[in-house]
Amino acid sequence: MARHVLVLADSLAFHGPDQPHRPSDPRLYPNRMAAALADATGDDVRADVVARLGWTARDAWWAVTKDPNVWGELLPRADALVLGVGQMDHLPAAVPTWLRDSMPYIRPGSV
């Protein structure tokens, strides 16, 4: 039986030192963690990664409560949950988060 670890994270879960990588890339920390758990337990362990660039703790909470794929599919089958967010929570921002996230909705289409 396969075990599942749900990883809610920011871009550090899928971004390497040079560029973003596919979430299934074996060099990324969620997949290395799943491989280490598989070696330690003898079970098949898979990492389900839900992540976006610049995610904060608030974004992770919204994913758990508002994303039907997360709360309806991934969370019920998860045997463990890893929270890999928070790096962006304490950084000063030149633009408030609510404004940065709503810019695509308020700018003119020609820009």
Heavy-atom pair of closest approach, residues Arg22 and Ser24:
NH1-OG, 2.7 Å
Is there any salt bridge (Lys or Arg N to Asp or Glu O under 4.0 Å) pair reaching into residues 69-78, and which pairs are they, with sequence neighbours excluded?
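As it turns out, the salt bridge (Lys or Arg N to Asp or Glu O under 4.0 Å) pairs with a partner in residues 69-78, which skip direct neighbours, are Asp48-Arg77.
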Sequence-distant partners of Ser11, side-chain hydrogen bond (donor to acceptor under 3.5 Å, both in side chains), two or more places apart:
none
Can you name the side-chain hydrogen bond (donor to acceptor under 3.5 Å, both in side chains) partners of Asp44, sequence neighbours left out?
Arg46
Group every Ile, Leu, Val, Met, Phe, Trp and Tyr by side-chain heavy-atom contacts under 4.5 Å, then state whether Trp61 and Leu75 land in the same group.
no
Please set out all donor-acceptor pairs under 3.5 angstrom arising from side-chain atoms of residues 25-43, sequence neighbours excluded.
{"unit_1": "Asp25", "atom_1": "OD1", "unit_2": "Arg27", "atom_2": "N", "d": "2.8"}
{"unit_1": "Asp25", "atom_1": "OD1", "unit_2": "Arg27", "atom_2": "NE", "d": "3.1"}
{"unit_1": "Asp25", "atom_1": "OD2", "unit_2": "Arg27", "atom_2": "NH2", "d": "2.8"}
{"unit_1": "Arg27", "atom_1": "NH2", "unit_2": "His21", "atom_2": "ND1", "d": "3.4"}
{"unit_1": "Asn31", "atom_1": "ND2", "unit_2": "Pro23", "atom_2": "O", "d": "2.8"}
{"unit_1": "Asn31", "atom_1": "ND2", "unit_2": "Asp25", "atom_2": "O", "d": "2.6"}
{"unit_1": "Thr41", "atom_1": "OG1", "unit_2": "Leu37", "atom_2": "O", "d": "2.8"}
{"unit_1": "Thr41", "atom_1": "OG1", "unit_2": "Asp43", "atom_2": "N", "d": "3.2"}

Which other residues end up in the same hydrophobic cluster as Trp71, if Ile, Leu, Val, Met, Phe, Trp and Tyr are linked when side-chain heavy atoms come under 4.5 Å apart?
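Via sub-4.5 Å side-chain contacts, Trp71 links to none.
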Listed by chain and number, what are the side-chain contact (heavy atoms from CB on, under 4.5 Å) partners of Val50, not counting sequence neighbours?
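side-chain contact (heavy atoms from CB on, under 4.5 Å) check on Val50 returns Leu6, Leu8, Trp55, Val70, Leu74.
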